[in-house]
There are 2 protein chains.
Amino acid sequence: MPAASGLTPLQRRAAREIIALVRREDRPAGHHLSKLALARVVGTSHNPVEGALAHLARIGVARHEKDRGYFLARDARLLGSDARKLSPADDDPLYRRILDLRLGRRLPDTLSETALIRKLGAARAPVRRALARIQQEGWIERRAGNGWAFLPLIDSVEAYEDNYEMRRIVEPAGLLGPKFALVPEEFETLRRQQHRMANGGYRTMTAVEWVDINATFHETLARWSGNRLMHQTIRHINRLRKLLERRVVAGDPGLRARQAAEHLEILDAIGRGDRKKAAALMEKHLVRARRDKARPDHFTVGRR
Amino acid sequence: MPAASGLTPLQRRAAREIIALVRREDRPAGHHLSKLALARVVGTSHNPVEGALAHLARIGVARHEKDRGYFLARDARLLGSDARKLSPADDDPLYRRILDLRLGRRLPDTLSETALIRKLGAARAPVRRALARIQQEGWIERRAGNGWAFLPLIDSVEAYEDNYEMRRIVEPAGLLGPKFALVPEEFETLRRQQHRMANGGYRTMTAVEWVDINATFHETLARWSGNRLMHQTIRHINRLRKLLERRVVAGDPGLRARQAAEHLEILDAIGRGDRKKAAALMEKHLVRARRDKARPDHFTVGRR
DNA sequence: TATTGCATAATCTTCATAAAAAATGCAATC
DNA sequence: GATTGCATTTTTTATGAAGATTATGCAATA
């Protein structure tokens with residue numbers, strides 16, 4: 001049973017982002033959820049946000065008052081299980097199925113679109129949509145004439161190592177780039193986030209939130225490099241990494257706290273203007289993170 | 001008037017690759033063009049290759065003998081103008097128009113698919129195909145709800161600088177990676193190619209061929225790194241670079257020869273197993289290449 | 001024994017239209 | 001003066017069938 005049936009994908013996404021936002025900012029019960037402000041955050045018109053808010057009211061996350069709008073029903077930090085229920089993993093079932101099939105070695109390296117449609121028992125258009133997303137993520141490509149070919153980017157320990165090696169090469173270099181410039185208010189936001197995490201905030205966090213905060217940290221620094229191609233590349237690498245870590249065990253709490261501490265050190269160095277130090281710390285951080293995670297048993301195949 | 005009307009895109013592509021192949025290998029008149037072997041090279045079935053060969057016979061590049069197949073009509077090195085006529089630039093007219101419009105600042109940063117369809121006066125399906133390609137190349141992305149947003153990756157001097165900076169960071173690191181291993185026969189092929197180019201071979205080459213040989217050189221080295229993500233990333237960066245260099249002047253012959261000489265130096269260092277030296281040479285090479293090309297006047301906007 | 005040339009089968013693209021979803025506008029309300 | 005709630009407009013997605021293209025098989029031939 002889907003966690004939030006009856007919603008359009010965009011409404012689900014809006015609902016997810018609303019919860020993520022209030023949790024990031026640790027809003028208390030009673031906080032006003034302004035339709036227009038939220039629409040700006042989500043990047044859509046206010047229409048789908050209305051649907052999302054209505055859903056949040058149905059599941060008891062928000063209260064509705066006629067002509068006044070929606071308000072948070074409980075403190076945001078108590079909404080962990082709701083955040084989990086709306087997790088992006090369920091977003092596009094077809095995408096999920098293809099990913100699971102592929103990771104489970106149940107799809108050949110190359111196959112025609114029609115063959116995939118038969119296998120999934122789905123219509124062409126949605127299958128194509130899922131394929132487009134996968135192509136965008138970079139682990140499938142069209143073959144010259146017909147059909148598609150999976151690329152070996154997500155389904156092996158090696159891919160995992162490759163991913164970390166790329167990060168180790170690119171991210172420290174980004175900190176040293178000629179156009180690097182931090183954005184003060186983003187700097188403060190990152191520091192606050194990582195600080196909270198280092199001091200036990202991870203206990204109320206879902207796994208997805210943890211991963212997202214991590215990704216945001218690294219992607220923000222990449223953006224500060226002033227090199228847009230580098231930012232895009234890091235985003236791409238991170239997306240792939242999320243797929244690779246899909247089956248990785250939750251990660252013990254000590255790990256989370258230590259990572260946050262390392263992130264804070266890097267931020268401090270950047271804040272002092274000591275980019276060389278920051279780059280060195282970043283490299284060490286990435287080497288250590290790889291060692292902590294890249295173990296063969298994480299690549300066992302299973303359902304869920 | 002299109003250079004090769006009546007051909008399907010795949011047939012055009014096959015024709016192009018056949019000519020590129022025989023020119024790369026400098027085949028003489030009379031060389032047999034085997035349908036099956038060519039199909040393997042192009043990556044399709046032999047059907048579209050047949051169409052391509054028929055076309056090559058029509059335009060006088062190949063001769064046909066009943067039940068014996070097709071044969072090269074002239075020495076491959078004399079086919080420069082034919083190679084130019086089949087150049088990939090004409091492949092998807094819609095893609096070209098969007099690119100031109102965007103580079104000419106005639107498309108807003110964000111617009112709906114329908115608006116684009118109206119502007120181009122084309123049907124939805126082909127527009128969507130072109131957009132998918134652009135999305136793949138990374139300079140457009142879907143917005144949350146509706147529409148598309150252009151990313152600033154192809155339309156400024158800065159993007160050009162960013163591109164070279166990324167190459168400078170990634171490519172030398174690739175040569176130093178832990179899994180680096182050259183492929184002997186590819187090594188010889190690269191050496192032969194670059195040697196020919198350094199010794200005046202560039203005179204019979206089209207601009208597109210020059211760019212392709214360059215790209216092949218760098219992408220092959222990236223592949224040798226053993227890091228598939230790195231290889232993919234370099235390929236992506238190169239594709240963007242081709243767009244950026246679209247309007248760059250043809251490049252004086254001396255430049256071509258010098259670049260080839262630098263490529264040969266790098267290959268020599270790799271061949272000796274001196275990867276540190278190779279990486280240093282690569283970095284110098286990229287810095288120099290950037291200096292030679294990144295001049296503002298290349299970003300003048302014009303038709304064709 | 002491998003390759004060609006052609007026939008047949010499978011796959012993909014296009015296109016028009018209906019239905020779903022998102023964007024937008026604005027009077028009523030706080 | 002800003003925000004909500006709802007009506008209207010615009011955009012996108014789904015669908016299915018015809019036509020185009022590509023894949024495949026194989027007898028005839030070099």
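Within every chain, numbering begins at 1; the chains are lettered A, B, ... in the order of the sequence lines, protein sequences first and strands thereafter.
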Worksheet item: Taking CD from A:E113 and P from C:dT14, how many angstroms apart are they, rounded to a whole number?
Response: 12 Å
Practice prompt. State whether the side chain of B:D75 and the backbone N or O of B:A29 hold a donor-acceptor pair below 3.5 Å, judged by distance alone.
Written response: yes
Worksheet item: Are the side chains of A:L33 and A:V22 in touch, meaning some heavy atoms are under 4.5 Å apart?
Response: yes
Worksheet, complete the sentence: Assert: residue with more 5' nearest nucleotide on DNA chain C, out of A:S112 and A:P48, is A:S112
Worksheet entry | Donor-acceptor contact present, side-chain A:Q136 to main-chain A:R133, <3.5 Å | no
Practice prompt. Please examine the side chains of B:R16 and B:V208, heavy atoms only from C-beta on, and report whether any two atoms are closer than 4.5 Å.
Written response: no
Discussion item. With a 6.0 Å cut-off (strictly less than), is the heavy-atom count around CD of A:E65, excluding the residue itself, greater than 12?
Written reply: yes
Worksheet item: B:R223 versus B:I234: any side-chain heavy-atom pair under 4.5 Å?
Response: no
Worksheet, complete the sentence: From CD1 of B:I117 across to P of D:dT10 the rounded distance in Å is 16 Å
Give each protein N/O atom lying under 3.5 Å from an N/O atom of nucleotides 14-19 of chain D, with the pair distance.
unit_1	atom_1	unit_2	atom_2	d
D:dA14	OP1	A:R129	NH2	3.4

Worksheet entry | Gap between atoms NZ and C1', on B:K119 and D:dT10 respectively (whole Å) | 18 Å
Item to complete: Please name the pair of heavy atoms, one in A:A52 and one in A:A14, separated by the smallest distance, quoted to 0.1 Å.
Response: CB-CB, 3.7 Å
Worksheet item: Which pair of non-hydrogen atoms, one from B:T206 and one from B:G80, has the smallest distance, and what is that distance?
Response: CG2-O, 3.6 Å
Fill in: Least distance between heavy atoms, A:R12 atom then A:S87 atom
NH2-O, 3.7 Å
Worksheet item: Looking at B:T8, does any N or O in its side chain come under 4.0 Å of the phosphate oxygens OP1/OP2 on D:dA20?
Response: no
Item to complete: Scan residues 137-150 of chain B against DNA chain D and write down, sorted by residue number, each residue with any heavy atom closer than 4.0 Å; if none is found, say none.
Response: B:R142, B:N146, B:G147
Discussion item. With a 4.5 Å cut-off on side-chain heavy atoms, are A:D212 and A:K242 touching?
Written reply: yes
Worksheet entry | Within-4.5 Å side-chain heavy-atom neighbours: B:L56 and B:L72 | no
Item to complete: Output the residues of residues 20-31 of chain A in contact with DNA chain D, where contact means a heavy atom of the residue under 4.0 Å from an atom of the strand; sort by number or write none.
Response: none
Response to the item:
As a check of understanding: the bend across the helix from C:dT1-D:dA30 to C:dC30-D:dG1, end axes from five pairs, rounded to 10 degrees, works out to 60°
Item to complete: Provide, to the nearest angstrom, the distance between the CG atom belonging to B:L131 and the P atom belonging to C:dT14.
Response: 13 Å
Short heteroatom pairs, N/O only, protein and nucleotides 2-9 of chain C, under 3.5 Å:
unit_1	atom_1	unit_2	atom_2	d
C:dT4	OP1	B:H32	NE2	3.2
C:dT4	OP1	B:K35	N	3.2
C:dT4	OP2	B:K35	N	3.3
C:dG5	OP1	B:H64	NE2	2.7
C:dG5	OP1	B:D67	N	3.0
C:dG5	N7	B:K35	NZ	2.5
C:dG5	O6	B:K35	NZ	3.3
C:dC6	N4	B:E50	OE2	3.4

Worksheet entry | Sub-4.5 Å side-chain heavy-atom contact between B:L38 and B:L21 | yes
Discussion item. It should be established whether A:T114 places a side-chain nitrogen or oxygen under 4.0 Å from OP1 or OP2 of nucleotide C:dC12.
Written reply: yes
Item to complete: Specify the residue among B:G43 and B:R128 whose closest nucleotide of DNA chain D lies further upstream toward the 5′ end.
Response: B:R128
Worksheet item: Once the angle between the rings of A:H64 and A:Y70 is folded into 0 to 90°, is it parallel (under 30°), tilted (30 to 60°) or perpendicular (over 60°)?
Response: parallel
Fill in: Parallel, tilted or perpendicular, as decided by the 30° and 60° cut-offs, for the rings of A:W139 and A:Y95
perpendicular
Worksheet entry | Sequence-distant partners of A:F187, ring pair (Phe, Tyr, Trp, His ring centres under 6.0 Å), two or more places apart | none
Worksheet item: Is any side-chain heavy atom of A:I134 closer than 4.5 Å to a side-chain heavy atom of A:W148?
Response: no
